[in-house]
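Every number for a ligand or one of its atoms is a count from 1 in the order of the listing. Everything quoted here is computed from the prediction, not taken from an experiment.
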Amino acid sequence: MTLPMEFPAQSLPARVRIHEVGPRDGLQNEKSQVPTDVKAEFIHRLAGAGLTTIEATSFVHPKWVPQLADAEDLFPRLADLQGVDLPVLVPNSRGLERAQALGATRIAVFASATETFAQRNLNRSVDESMAMFEPVVAAAKEARAHVRGYLSMCFGDPWEGAVPVHQVVAACRRLIDMGCDELSLGDTIGVATPGHVQELLSRLNEEGVPTDRLGVHFHDTYGQALANTLAALQHGVTTVDASAGGLGGCPYAKSATGNLATEDLVWMLAGLGIDTGVDLDKLVATSVWMAGELGRPSPSRTVTALSHKES
Ligand code: HMG
Ligand code: MG
């Protein structure tokens, strides 16, 4: 296996749970329709590389995200993946019904810290979208499902610019009070920097949201995703979202580019002696294969480096 030399740093977690979002956040943005067979193989290969939380798809309106319109066809093909959590995005009660009909036990609602993105992504104001999520979270908890609450535009918004930290904290509190088990703090357009990350985490703690219920979701638009991740780890965060090969973006925010690449994350964590359970060589092989299916190279530096390595 190809790994960096290991130099553990002090005061970092011993283990990080990677929440793999490639099949959902990555593929929701593809211009061409990725065949369901390819998606199913992608998820199986990710599981084979040791990822244990793989966000599989979204039960959103098929006209809003046609790339994931095959959710009903895809999800049952993953039934053999024992021991792998397969969360799915649901925006409303209709989405929850569709997901539960297929036996999904981990769902994610996705809110916005800003009005403009709430309108563009959910066709509703922030208040209206929170009202839409409330019965979804209540019904999911009633069914003993695990509920993740995403919050987008936590560090900046392409239409509104700077987003005040107190506005983000208030939206997070609403999701926690609603009953979300964990939150994922989305830097949808990749503008965060490490001090900003630590400030938001500290302010959330001050408002009673403990770090162990927080995950981070960085997009790498400005090349800050790994630095921001390290800042979050230093604060005690142990759940990090990443996308194999750095696939990704958001169809409703054009300035959202790829997510933090899972390979880049695994390389850094391995060097820090932090356990992820991921086999980097298998993961790189998966992203190289997926890049072939998509017809363009992976933007991940680690995938590029390891797939061109001298042997
Ligand atoms: P709407 O048009 O306002 O929906 O869309 P509606 O409630 O008015 O319903 C209209 C029709 O759609 C009805 O049908 C519903 O049944 C149907 P009719 O009665 O007219 O025949 N409908 C549905 N059908 C199937 N599945 C559903 C569903 N819901 C309604 N779930 C809606 C509102 C929320 C549905 C729409 O805006 C939507 O689907 N948005 C999804 C957008 C999306 O998926 N964005 C990407 C994910 S977020 C992201 O990527 C950010 C993240 O990565 C974090 C970060 O980076 O920041 C998570
Ligand atoms: Mg995202």
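If you number the atoms of ligand 1 from 1 as listed, the ones under 4.0 Å from a heavy atom of Val65 come out as 43 (C), 44 (O). Those atoms of ligand 1 with a heavy atom of Asn123 less than 4.0 angstrom away are 1 (P), 2 (O), 3 (O). Interface of Asn121 with ligand 1, defined as ligand atoms under 4.0 Å from a residue heavy atom, comprises 37 (O), 40 (N), 41 (C), 42 (C), 43 (C), 45 (N), 46 (C), 48 (S). In summary, the atoms of ligand 1 found under 4.0 Å from a heavy atom of Arg98, numbered by their order in the structure, are 25 (C), 26 (N), 27 (C). If you number the atoms of ligand 1 from 1 as listed, the ones under 4.0 Å from a heavy atom of His217 come out as 53 (O), 54 (C), 55 (C), 56 (O).
The N/O atoms of Asp187, backbone and side chain alike, include none that comes under 3.5 Å of an N/O atom in ligand 1. Between Phe59 and ligand 1, an N or O atom pair is found at a separation short of 3.5 Å. Below 3.5 Å of separation, one finds no N or O of Tyr150 facing any N or O of ligand 1.
For Asp181 and Arg213, the salt-bridge test fails: no basic side-chain N is under 4.0 Å from an acidic carboxylate O. No salt bridge links Arg301 with Asp264; every basic N to acidic carboxylate O contact stays at or beyond 4.0 Å. Note on Glu207 versus Arg203: no salt bridge recorded, every NZ/NE/NH1/NH2 to OD/OE distance being 4.0 Å or above. Taking the charged nitrogens against the carboxylate oxygens, Glu293 and Lys39 have no contact shorter than 4.0 Å, which rules out a salt bridge.
Comparing heavy-atom distances from atom 54 (C) of ligand 1 across Ser93, Gly95, Ser152 singles out Ser152 as nearest. In the candidate list His219, Arg124, Met132, Arg124 is nearest to atom 7 (O) of ligand 1, counting heavy atoms.
Looking at Gln67 against ligand 1, nothing comes within 4.0 Å, counting heavy atoms. At a heavy-atom distance under 4.0 Å, atoms from both the backbone and the side chain of Thr188 approach ligand 1. Of the heavy atoms in Asn259, none comes closer than 4.0 Å to ligand 1. Using a 4.0 Å cut-off between heavy atoms, Asp25 contacts ligand 1 through its side chain alone, with no backbone atom that close.
Across all their heavy atoms, Ser129 and Ala118 have their closest contact at OG-CB, 4.3 Å. When every heavy atom of Val38 is checked against every heavy atom of Trp289, the shortest pair comes out as O-CH2, 3.6 Å.
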Decide yes or no on side chain to side chain contact (heavy atoms under 4.5 Å, CB included) for Leu102 and Arg98, but give the supporting numbers first.
CA-CA 7 Å; Leu102 297 173; Arg98 289 174 57 203; over 6 Å; no
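Side-chain atoms of His196 never come within 3.5 Å of backbone atoms of Ala192 as a donor-acceptor pair (strictly under, hydrogens ignored). A donor-acceptor pair under 3.5 Å links the side-chain atoms of Ser298 to the main chain of Gly245, judged by distance alone.
Stacking of Arg24 on the aromatic ring of Tyr150 is recorded, both the 6.0 Å distance cut-off and the 45° axial limit being met.
Counting backbone and side-chain atoms alike, Asp241 contributes no N/O/S atom closer than 2.8 Å to the Mg ion (ligand 2).
Note on ligand 1: Arg24 sits in its first shell, one or more heavy atoms being nearer than 4.0 Å.
Between Glu115 and Ser125, the closest side-chain pair of non-hydrogen atoms falls below 4.5 Å.
Atoms NE2 of His219 and OD2 of Asp25, as seen from the Mg ion (ligand 2), are separated by an angle of 100°, to the nearest 10°.
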